[in-house]
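The structure appears below as C-alpha cells.
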2 protein chains.
Amino acid sequence: MDSGARRRRVTIVDVASRAEVSTTAVSKVLRNAYGVSPAMRERVRAAIDELDYRPQAAARAMRGRTFTIGVLLPHIRNPFFADILDGLQEQAGKADYQAIMIQGGENPQAEERAINALVDRQVDGILMVVPLTSRPRLEEIAKDVPTVVLGRHERSPVFDSVFDDDELGAELAVEHLIALGHRRIAHIGQKDKSRARPVDLLHTIRAETYRRVMRDHGLDGEIDVVATSYTEEGGYVGARELLGRPERPTAIFAGADLAALGAMAAAHEAGLSVPGDISIAGYDNTRMAALPNISLTTVEQDGVVMGRTSGRLLLERIEGRTSSVRFSVTPSLVVRDSTGAPPRP
Amino acid sequence: MDSGARRRRVTIVDVASRAEVSTTAVSKVLRNAYGVSPAMRERVRAAIDELDYRPQAAARAMRGRTFTIGVLLPHIRNPFFADILDGLQEQAGKADYQAIMIQGGENPQAEERAINALVDRQVDGILMVVPLTSRPRLEEIAKDVPTVVLGRHERSPVFDSVFDDDELGAELAVEHLIALGHRRIAHIGQKDKSRARPVDLLHTIRAETYRRVMRDHGLDGEIDVVATSYTEEGGYVGARELLGRPERPTAIFAGADLAALGAMAAAHEAGLSVPGDISIAGYDNTRMAALPNISLTTVEQDGVVMGRTSGRLLLERIEGRTSSVRFSVTPSLVVRDSTGAPPRP
DNA sequence: CTGAAAGCGCTAACAC
DNA sequence: GTGTTAGCGCTTTCAG
C-alpha cells in the first residue's frame, strides 16, 4: 500500500495571505508581541484557526525560541522521576512550553550524547536530573542554555540547583532506627559512576550522613556500607551480601525505595521476617512503599515540588535571570511497618 | 552573578573555511553522501574534530532530517515502558538517531498537544505507545510522518502496528487459574478513556478474552469485571470492590502488574493470604513481579523486543518503505507463588 | 569531484 | 500600527 503524498504544511505565509496582512503581523500575534491592532489580531487569529496553523519549531529555532524544555533523565525506570516530571510539566504547560525527555543512561559517554542531542535541538532550557557529568561541563552548557540541575548539591554561578536535604533525610532514617534500639545498622548505597565531586552527590551524602550519625552514637564499629545501585537488583545484591555476614545487621537503611524493595526480597528469601528479624528503611516514598503489603518506612521528598520549582527557575532564566539560585526541599520521615525493634538476642 | 556572553556556535561555514572547502563538501561528509574524494573527506573530518562541530538540528530540519525519533508515552510511571524504550534506543542509536520522549497524559486533549509538539519539532518518525487518539487521527499523522503504533491491534495501510498477542496472554492467565481449580475468578481492567475502537485496545482484548475463556469453561455465571486502571491505585480500588462482594472471588486476574500489586495490597489489608485465600495474577512481568516477596504469577511480554522492532520498522519507513507491517509478540506465562489452588470451602 | 547559490519558515530590524 | 527585507544554518539542485 502506498502512504500517499505528504501534504505541504501550512506556513506563516499562508496565514498572512489568508488574513491579508504581512507575515510580521502574524508573527507578532503568535508571540503576543506589541504593535498589532485588536482588529488585525482578530483577523489573524481567525486565519490561524481556519487553516489549523501551528508554527514549525525548527524555523522558530533559527531565529528565536523553540518553546521546548529538555529533561535529561538517567532512565525512566525509577518512579520517583515521574513525580518530578509531573511538577515540571505543570509549570511548563502554563507558559506554553513543552517538555521533552531524553535518557542519559548509565555512563558519562552516553549521557554526553544525550545532552548534546538536547543542545543541538536548541531547547530553551535544560533540566538535568542527577547528571553524571562534571561540574565544569555543566557550567559550559549552562553558559549556552539556561540550566537547572536537580539532585546535586553544588553551588554554581551559572546554573540553579534543586535538591533534597539529603543530610537531614538520612539523619531522620538512621536516628529512627537507632531510637528503635538498633545498633548493627547497615547501609546500601550506590556505586559512583559520576564525574561530580562526591561531596555534591546525593548518594554520597546519604552514605556519609549514615556514617556520621552512627559515629555520633558511638556506633563506629558497626558501620557497614555496601555500594551497589539504587535499583531492585542493587538492593537485592547488597542485602544478600549483608545477610551473609557472620553477624548480620538487624537493620538496613537503603538509599532508595527501589533498593529497599530488593533488600526486602533478599530478606524474605533468607527466611527472615521484616521487621521481626530485620528492619528495612528506604528513601523517596514512592507509591510502592505505601502498599500495605510492602509498608516501607521511608523518607519522603516531594518530587512534584522539586519538579515544579525546577520548571519555575528554568522559565525565569529563559526570561533573563542570570543570578543563581539554590533550592532545597525538606524531607520527612514516613514510618510504616518495615521497621521495628530489633530481635531479642 | 552574570552568566557571561553566550558564545556563537560553530557552524558549517566555520568548518568549511577551516578545511578550505565549500559548505557543500562539509554537508556531504556529514551525511556520508556520494561525491567527495577521500582526501577532502579527511580534511573535513579533521576540521570537524578540531572545532568540535555538531550540526544544529533545527537548521537541518528546514531542509532535511532531524535524526530524531519521537516517542509518545502515556506517562513514565509504568516500568514496562522502560523496556520498550531500551529496545528502541538500541536500534535508533545504531543509525545515529536520537529518541526523545513526551508524555501524552490521561486525556485525548493533552495527548493531542503532545503529538502536535512532536510533529511541530519535525521528528523523522513517531512511536506512539498505546495512544488514546482515534485511528483516523493516527492515519492523518502517519501520512505526514512515519509512524509506528505500539499496543493497539488495528491494521492500517499507513502506519505499522507492534503489539502483544493479548488474547493469548489473557488466555494463558485465565486457563492457568481455572486449571488450578478456581471458578470464581474476577478481572481488573482499565476504564476506557480512548478514542480507539474498543476491539483494538489491549485492555479490552484482555477483558474480553477473560470473558470468553470463562464462558468456554461454563463459568458464565462467575464472570466479574471491574474497570479501574492499570495502576497500583486502580488495582487496589478494584480489588477492594471485589473483596467486598457477598461471595468474594478466589482468584483475580489483573490486566497489568501494577494493578496486581495494588490488588495484593488490598488482599493483605483485608487479612487474606496470597495465594492461600486468594490467587492473584498480573500481566507484563515487570521486575517487581520477580521479587521473592512479591513473586507474582504474570504474563511475560517482551518489551525490549517490542521496542527494538518498533525502532527497526520506523527506520525502514524513514528510508522509504510505504507498505504496512503488523508485528505481534507472543507472550508466555510465568508461574510464581501468587497463584495456587483455591481455598477448601 | 567540487562549489555557488537558492531557499526551507520564521523573527527582528528597520522603514514607512 | 504596519509591511519590507535580511538573514538564521543547513541541504540541494545545478553548473563547471
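Numbers restart at 1 for each chain; the letters A, B, ... are given by sequence-line order, proteins then strands. Hydrogens, waters and symmetry mates are skipped; everything else that's a heavy atom, side chains included, is used.
- Of the residues in residues 48-61 of chain A, A:Tyr53, A:Pro55, A:Gln56, A:Ala59, A:Arg60 come within less than 4.0 Å of DNA chain C through at least one heavy atom, sorted by number.
- Of the residues in residues 31-46 of chain B, those placing a heavy atom less than 4.0 Å from an atom of DNA chain C are B:Gly35, B:Val36, B:Ser37, B:Met40, in numerical order.
- Taking atom CZ of A:Arg9 as the reference point, atom C1' of C:dG9 lies 10 Å away to the nearest angstrom.
- Salt bridge annotation for A:Arg312-A:Glu316: present, with a cationic side-chain nitrogen under 4.0 angstrom from a carboxylate oxygen.
- Annotation for A:Glu20: atom CD does not count as buried by contact number, only 12 or fewer foreign heavy atoms lying within 6.0 Å.
- As a whole-Å value, the separation of B:Arg65 CZ from D:dT12 C1' is 14 Å.
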I would like to know whether A:Leu138 and A:Val149 meet side chain to side chain contact (heavy atoms under 4.5 Å, CB included); could you show each step before the answer?
-> CA-CA 9 Å; A:Leu138 288 177; A:Val149 174; 4.0 Å; yes
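- Between the CE atom of A:Met62 and the C1' atom of C:dA13 there is a distance of 17 Å, given to the nearest Å.
- Atoms CD1 and OH, from B:Ile318 and B:Tyr97 in turn, are 4.5 Å apart once rounded to the nearest 0.5 Å.
- Across its full length, the helix from C:dC1-D:dG16 to C:dC16-D:dG1 shows an angle of 40° between the axes of its 5 terminal pairs at either end, rounded to 10 degrees.
- Using a 4.0 Å cut-off between charged side-chain N and carboxylate O, A:Asp160 and A:Arg317 make a salt bridge.
- Distance, A:Lys28 NZ to C:dC14 C1': 11 Å, rounded to whole Å.
- Nucleotide D:dT2 holds its P atom 14 Å from the CD atom of A:Glu20, rounded to whole Å.
- Distance check: B:Leu150 CG to B:Phe81 CZ gives 9.0 Å after rounding to the nearest 0.5 Å.
- Evaluation of atom-type donor-acceptor distances gives a pair under 3.5 Å for the side chain of B:Thr24 against the base of D:dT12.
- B:Thr11 comes within contact range of the sugar-phosphate backbone alone, with a heavy-atom separation under 4.0 Å but no base atom that close.
- Protein atom CD1 of B:Ile12 is 18 Å distant from nucleotide atom P of C:dC8, rounded to whole Å.
- One can place CD of B:Gln122 at 18 Å from P of D:dG9, the figure rounded to the nearest angstrom.
- Side chains of A:Val119 and A:Asp144 form no contact here, defined as non-hydrogen atoms less than 4.5 Å apart.
- Using a distance-only test at 3.5 Å, with no hydrogens or angles considered, a donor-acceptor pair links the side chain of B:Arg326 to the main chain of B:His153.
- In this structure, CZ on A:Arg135 lies 6.0 Å from CZ on A:Phe159, to the nearest 0.5 angstrom.
- Atom CZ of B:Arg65 sits about 11.5 Å away from atom CG of B:Asp96, to the nearest 0.5 Å.
- In terms of position on DNA chain C, the residue among B:Arg63 and B:Ser22 whose nearest nucleotide sits closer to the 5' end is B:Ser22.
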